[in-house]
Amino acid sequence: MNMHKYEKIWIYFGSATLLFFLIVVGVSAFYMGSKPPSCAVTLDPERVREHALFEEPGLKQIGDNEYQLTIVASAFNYDVGTDDKVVQIPKGATVHISSTTTDVIHGFEIAGTNVNMMLEPGYISTYTNTFKNAGTYTLVCNEYCGVGHHLMSATIEVVE
Ligand code: CUA
C-alpha cells in the first residue's frame, strides 16, 4: 500500500497527540488522584432543610484553617446563612463546599475560582477549594433556571 507523505505525517501526528493526551489523563487520574466532583451523594429534594448538612446553611469552622460551607439554592436565591448574602472567608482557608437545590437545576460558580458545579434536585454537590487570594468574589447561577435567573447571586469575601 502506497501512502502519501502528508498522510503519513498526519497519522503519526494524530497517534502521537492521542497517546500524549491519554498519558496526561492517566497521570492526573491515577498518579495525582484527580477526579470529577462527586454527585453520588443523594438526599430527598423536598426535605432539604431536614438534612443535617442543610439545617443551618453558612460557614462553620471544622479545623485549623479548615471550614465547611453549606449553601441551599432555590429559585432565585442562595441561602448562605447571612441576611446580606455575604460570606466572609479568611484568606488561605480550605473550604469544603456542599450545596444542593430545593427546586430546579441551578448553577454554582464562584467567578474567578475553579468552583463551578451544577446543582441538581436530589443530589449534594461538593467541592473543596483553598482561597489563596483576598478579594470579593461573586457566586453566580450559570444554568438558566427561570425569570429571576439573572438575580441569583451571593458574595464571597476573602479577607486577610
Ligand atoms: Cu438559578 Cu439560574
Side-chain angles (χ1 to χ4, degrees), residues 17 21-22 24-160:
T17 43
F21 285 113
L22 284 176
V24 169
V25 170
V27 167
S28 72
F30 297 110
Y31 180 67
M32 299 174 76
S34 1
K35 56 182 191 302
S38 166
C39 62
V41 189
T42 57
L43 80 171
D44 182 345
E46 293 188 345
R47 301 169 74 183
V48 168
R49 296 293 182 163
E50 291 165 40
H51 193 283
L53 253 183
F54 299 106
E55 275 175 343
E56 277 181 58
L59 190 71
K60 288 175 196 80
Q61 186 157 15
I62 54 168
D64 192 23
N65 218 13
E66 207 171 348
Y67 294 81
Q68 167 80 48
L69 175 62
T70 53
I71 294 177
V72 177
S74 56
F76 303 98
N77 181 51
Y78 290 110
D79 184 350
V80 298
T82 57
D83 292 333
D84 57 0
K85 293 214 277 176
V86 177
V87 182
Q88 287 200 326
I89 295 171
K91 184 181 153 183
T94 297
V95 182
H96 305 282
I97 302 165
S98 294
S99 190
T100 191
T101 164
T102 60
D103 40 49
V104 298
I105 290 175
H106 295 283
F108 188 109
E109 178 183 357
I110 302 177
T113 72
N114 275 345
V115 183
N116 191 349
M117 307 188 281
M118 187 192 262
L119 307 179
E120 297 163 272
Y123 291 91
I124 300 173
S125 301
T126 58
Y127 196 95
T128 297
N129 191 58
T130 302
F131 291 87
K132 293 188 182 120
N133 301 312
T136 302
Y137 299 86
T138 307
L139 164 60
V140 291
C141 180
N142 57 11
E143 296 277 343
Y144 183 73
C145 52
V147 288
H149 164 69
H150 61 289
L151 302 170
M152 197 166 162
S153 71
T155 304
I156 309 285
E157 279 180 7
V158 180
V159 292
E160 298 279 351

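If you read the sequence from its start, that first residue is 1, and numbering goes on from there. Whatever order the structure lists them in is the order used to number ligands and atoms, beginning at 1. Note: hydrogens, waters and symmetry copies are ignored here, and every other heavy atom, side chains too, is used.
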Can you give me every donor-acceptor pair (side chain of residues 148-155, partner residue at least two apart or in another chain, under 3.5 Å) with its distance?
| unit_1 | atom_1 | unit_2 | atom_2 | d |
| --- | --- | --- | --- | --- |
| H149 | ND1 | E143 | O | 3.1 |

Can you give each donor-acceptor pair under 3.5 Å made by side-chain atoms of residues 133-140, sequence neighbours left out, with the distance rounded to 0.1 Å?
| unit_1 | atom_1 | unit_2 | atom_2 | d |
| --- | --- | --- | --- | --- |
| Y137 | OH | N133 | O | 3.0 |

Considering only distance and modelled atom types, tabulate donor-acceptor pairs under 3.5 Å from the side chains of residues 62-72, sequence neighbours left out.
| unit_1 | atom_1 | unit_2 | atom_2 | d |
| --- | --- | --- | --- | --- |
| N65 | ND2 | G92 | O | 3.3 |
| E66 | OE2 | H96 | NE2 | 2.7 |
| Q68 | NE2 | H96 | O | 3.4 |
| Q68 | NE2 | S98 | OG | 3.2 |
| T70 | OG1 | G58 | N | 3.4 |

- Any ion pair linking R49 and D44 (charged N to carboxylate O, less than 4.0 Å)?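 The answer is no: the pair does not qualify as a salt bridge.
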- State whether a side-chain donor-acceptor pair under 3.5 Å links N129 with N114.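 No, because no side-chain N or O of N129 sits under 3.5 Å from a partner of the opposite role on N114.
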- Message: Hydrogens and angles aside, do T94 and T130 bring a side-chain donor and acceptor to less than 3.5 Å of each other?
- Response: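 T130 and T94 do have a side-chain donor-acceptor pair below 3.5 Å.
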- Nearby protein N/O/S atoms (those under 2.8 Å) for atom 1 (Cu) of ligand 1, with water ignored: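 Under 2.8 Å from atom 1 (Cu) of ligand 1 - ignoring waters, which are not counted - the protein N, O or S atoms are H106 ND1, C141 SG, C145 SG, M152 SD.
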